Amino acid sequence: MALSRRTFSALAGSAALGLGLGGSGGSGAPSAFAARASVPTGPAPVPPRVDGEQHTIGYDRYSLIVDGRRLVVWSGEMHPFRLPSPALWRDVLQKMRAHGFNAVSVYVAWNYHSPAPGTYDFSGVRDLDLFLRTAAETGLYVILRPGPYINAEVDGGGFPGWLTVTRGTARTDDPTYLSYADQWLTQVNRIARKHLFTQGTGTILLYQIENEYDAHAGDVTGRRYMSHLYKKVRADGIDVPLFHNDKGRNGYWAPGSFDTGGETGGWLYGFDGYPSPSSTPPDWGSFGPGGAKGGASASPSTPGFVPEFGGGWFDPWGGAWFDGKGYAESRRTRDAAYERRFCLTNFANGLTLHNVYMTFGGTSWGWLPAPVVYTSYDYGAAIDEARNVTAKIAPMHQLGHLFQSLPDFAKLDRAAEVAARGLKVYHLVNPDTGAHVYVARNDTAAPVTSDLPTDAGRLRITVPGKDARLLTTGLKLGERTLKYSTAQPVFCLTAGQQDVALFTGRSADMADLVLMTPEEPSVMRLDPEAAWVYNDDDELRVTSPLGEGGLTRVLVQKGGSETPLVLLFGDDATSVRLFPYDTPTGTLVVYGPALLRHAELRGSAVHLTGDVTGTTTIEVWGPRGIDTLVWNGRTLPTRVTLSGSLMTTGLLPAVPEVRLPTLDGWRMRRENPEAGPGFDDSRWKVADRTTSFSSTPVPRGRPVLFADDYGFHYGDVWYRGAFTGADGLEEISLAYSTGTQGLLMAWLDGDPLGTHRMPVPDRNSTARQGSWTATATFPVREALRSPGPHVLSVLVRRMQHDQDGKGLDTHKAARGLTAASFTGAAPKVKWRIQGEAAPDPVRGPMNNGGLYGEREGWHLPEFRDHDWEPVAFPRAARYQGVTWYRTAFRLSVPADLDASIGLTLEDDPYRAYRTQIFLNGWNLGQYINNVGPQHTFVLPNGILRTRGTNTLALAALSEFTTLSGPGAVRLTLLGTATGGLPVTPV
Ligand code: GAL
């Protein structure tokens, strides 16, 4: 591989490394990087955009240095593949940006784009180029993570199904595997290299190779593999810093641990962490007394980087010991206080590159979920699966805006130890500006009130149980200096002719801050809650409760600066309705709406777009002379306030009610003709192979029955075994292998033999490593014990491939039948197999399995079901096999309303059946009635026609042991906002 030996490093006295990124990627001459001894503490770089200019991405031990300015990366994870409606990507990205994130981190899942070797699809819902463009248009940096291995709770950890039947061991330096990995990276990089921030053509800032790769961390295989990936990515023209995400603080893959072809300075060390809510937040960086090896101690010259920090947690299937409880529980146990307490600890530990996994979890639709999870990947994240911003957004918003607007936070050293009774305190100082930062953490359940000795005196503070707060002293607010503040600063910026600063805290808090004012200021209280006093020491002390009352404004004029300062105070709920926004013609601060999507200045008019979820006013601070406010295209009457803002005189109305139709008019049709003896299977593949690359051994002397070996990688698979010589046959035993919640049903000559559910292995079972195996034994009725011919029909819901987290090739564990054996007779069976039909060209390879109805298109909207039997729910029937139900419904949601809608299924939890949900042909999930916990499935707009007709198809798989539904099936409103974005039909 031809790789130019560029040297990325340029060392200055302060150990500032820089990644100089001139020239065209991969082939340019060594790029010049101006080494500098100190980095200016100016404002952080403005939101990134496509400007055609070259940019530099460097770093030192404190932070990234982008175009010579420090940048704290405050990133949120979302997966385009978990939101199959490209128009909604923009919605989520705009919500992230408005709420303080400056970057989005994305995995790219190989299996999602590749139905077969050499075949790659980056169109439609898979349009990576569009996603990267949208992120750039939104003003977000991108952290791109294309694997090849990603994990992410997706089938095979992202490996395509077809990789399971290839020679060689994945995640090693095996040449066959590497050739496929290169094939994938070539495809991704062809797109990625058009969106590099360094080249001014996009906003890709950082790029990850592999993920949590610990299997070969210390050996030559691993080093060769990582080196190969590194060089491949560089050769493809990716010239931004690369990194890996270490599974915990192991120090694996720190700079210098593998051959980078002579390049230095282009590699960052990163690690992830998902601490339990009951644990004490760990010291992961420079603070750890005898603590972790990670962070600064594993890689002292690169900045602290946590590429994944738990913004929630995934939820497993219900039942047995998995005991998934639903995502409300994840959001409850990892709530806003959890995120604040742990993220502030991370920050206090010097982690200035921080990605919250997940910030929007989305949906593992179709056959995307790994065995460990069900359809919803809501994750208990700050933005829920239905795209609603939750209460967890508050710490994200507050910290994100803080890091972006106040550059003091990008370079902090540990300062003198400080003790406050009952609290853990971190004390940091910016050596250039002299600002001090205190993070006070309460690890007990009850609130603690304590005196915190700061360099500005003792401050009495209260920290609620299991929470933390951030205090500052000596911080610059525009031209003024803050002596101290007990409330957390969120931002301070210059909007037109005034400085505007926001302070926040919990709603029970009293904000107490002191401004140093060399001469007596003129102070105006614009809301009655605030109080102020000016003392002989030239200090202005302002106090304000942060309670329910909304925003409190105090205007400070004179007192050492000609620029008026508007002090704003608000609790969590208020602070998340305050949006700073940089436009090319000036900075704005907008208060009131639930979301500010976009702002623009046209002459003296401020044009805003965004969402409103309840009655509200809108208030804007901006350049002098603004006199018109246009909200979502409508000019609103306004007045100019004493604080210099422009404010609507009336209230914007609440969201109108959305009525959803009842789902009726259902029609049904029974399926599985494959069970019958007369079914024509002559076009099915003969299962007669004798060898396999599967990690499951082929039973000696028997044919390979593993579905993957016959090209069937996703969803259900059918087998038909024809045999004679069965005189005296007593029992049939079927060995099979699946993911979690696998299931097998069998028929002999059309007569149900029974259903077997894959048992959940016990905690210590090695089966958790990817091969869940069981043998189902069925007695044969007297009447069928004849010589034959007989047909044994078997349906396996094989669920998904293992994630191969340990790098043991367990994604290659067999799925489907593995062997059949007989008691009482020894017939020779001729097997045929049928799984999914050719991949849907739009919905992709993971949309369908091999059910008869799926192969015949019963899930598709255009399918004509007029001759199906009418049926009403609830229904209760006892049978073994598959039944389809279809109906259509119309929605007429007004165009300016964003309604998020779900489908809810409920029934007696004893009933053993499961249902796949197809909306307009898209497989939006699997409901397992007797397992749970998921009952509501998000129907993403774009696939869902909110103004038009929709087709719903349910494929129910029923066991004979109980009655089967569907019971109640209804549409559920999951969120509404006035505003939204135009949604293009998918
Ligand atoms: C991490 C992994 C992610 C995801 C996460 C849990 O360890 O890197 O891909 O699996 O755990 O959701």
Side-chain angles (χ1 to χ4, degrees), residues 75-82 104-112 143-159 170-171 206-215 217 226 243-250 252-253 269-277 282 284 292 294 305-317 322 324 327 329-331 333-334 338-339 342 346 353-364 368-383 385 739-740 768-770 800-807 810-811:
S75 166
E77 182 93 8
M78 79 156 287
H79 299 147
F81 55 85
R82 284 187 158 115
V104 57
S105 167
V106 287
Y107 277 136
V108 195
W110 185 357
N111 53 8
Y112 194 68
I143 302 175
L144 197 70
R145 313 201 294 148
Y149 179 78
I150 62 169
N151 198 359
E153 288 75 63
V154 293
D155 186 299
F159 285 149
R171 310 186 73 188
L206 301 168
Y207 182 114
Q208 181 182 324
I209 56 176
E210 250 288 344
N211 185 54
E212 293 196 323
Y213 185 51
D214 60 356
M226 290 295 279
F243 69 98
H244 168 261
N245 173 36
D246 187 5
K247 185 183 202 161
R249 280 67 49 206
N250 303 301
Y252 296 152
W253 310 116
Y269 171 69
F271 59 83
D272 64 14
Y274 294 84
S276 140
W284 281 344
F305 184 5
V306 58
E308 292 181 16
F309 178 78
W313 186 241
F314 65 79
D315 197 41
W317 287 102
F322 286 100
Y327 282 108
E329 185 66 6
S330 295
R331 197 167 276 113
T333 52
R334 289 175 166 85
Y338 167 93
E339 300 298 344
F342 283 79
N346 290 346
L353 289 93
H354 196 283
N355 176 47
V356 180
Y357 185 107
M358 302 296 297
T359 292
F360 167 79
T363 309
S364 306
L368 193 63
V372 285
V373 291
Y374 50 88
T375 303
S376 174
Y377 198 69
D378 175 278
Y379 220 80
I383 304 175
E385 189 188 1
T740 320
R768 287 206 72 216
Q769 303 313 332
Q800 290 88 336
H801 302 93
D802 184 68
Q803 285 188 101
D804 195 27
K806 295 200 159 44
T810 53
H811 63 116

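Note that this is a predicted model, so its numbers are computed, not measured. Atoms within a ligand are numbered from 1 in the order they appear, just like the ligands themselves.
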### Task
Please report which non-hydrogen protein atom sits nearest to atom 5 (C) of ligand 1, along with the residue it belongs to and the distance in Å to one decimal place.
Tyr274 OH, 3.5 Å

### Query
Hey, which atoms in ligand 1 end up nearer than 4.0 Å to a heavy atom of Phe314?
6 (C), 12 (O)

### Task
With heavy atoms only and a cut-off of under 4.0 Å, state how Tyr377 meets ligand 1: side chain, backbone, both or neither.
side chain

## Note on the structure
In ligand 1, the atoms that come under 4.0 Å of a heavy atom of Asn245 are 8 (O)

## Note on the structure
Taking only non-hydrogen atoms of Tyr379 and a 4.0 Å limit, the atoms of ligand 1 in range are 6 (C), 12 (O)

### Message
Could you tell me, atom by atom, which parts of ligand 1 come under 4.0 Å of a heavy atom of Ile150?
### Response
9 (O)

### Task
Please confirm whether the backbone N or O of His811 pairs with a side-chain atom of Asp802, one donor and one acceptor, at under 3.5 Å?
no

### Summary
Under 4.0 Å from one or more heavy atoms of Asp272, ligand 1 contributes atoms 1 (C), 7 (O), 8 (O)

#### Entry: Shortest protein heavy-atom distance from atom 8 (O) of ligand 1, along with the residue and atom involved
Asn211 ND2, 2.8 Å

### Task
Keeping to residues at least two apart or across chains, list the salt bridge (Lys or Arg N to Asp or Glu O under 4.0 Å) pairs with something in residues 308-317.
Arg145-Glu308

### Euclidean distance, Tyr357 OH relative to Phe314 CZ, rounded to 0.5 Å
9.0 Å

### Message
Test your reading of the model: is there a side-chain donor-acceptor pair from Tyr107 to the backbone of Ile150, 3.5 Å cut-off?
### Response
yes

## Note on the structure
the protein heavy atom lying closest to atom 7 (O) of ligand 1 turns out to be Glu212 OE2, 2.2 Å

### Query
So which heavy atom in the protein is nearest atom 3 (C) of ligand 1, and how far is it from that ligand atom?
Glu308 OE1, 3.3 Å

### Test side chain to side chain donor-acceptor pair (under 3.5 Å) applied to Thr363 and Glu385, His79, Arg82, the passing residue
Glu385

### Query
Can you tell me the protein heavy atom closest to atom 10 (O) of ligand 1 and the distance?
Glu153 OE2, 2.5 Å

### Query
By number and element, which atoms of ligand 1 are closer than 4.0 Å to a non-hydrogen atom of Trp313?
6 (C)

### Task
Measure up the Trp110 and Phe159 rings against each other and bin them: parallel (under 30°), tilted (30 to 60°), perpendicular (over 60°).
perpendicular

### Query
For the side chain of Asp804 and the backbone of Thr810, is there at least one donor-acceptor N/O pair under 3.5 Å apart?
yes

### Query
Which class fits the ring pair Phe309 and His354: parallel under 30°, tilted 30 to 60°, perpendicular over 60°?
tilted

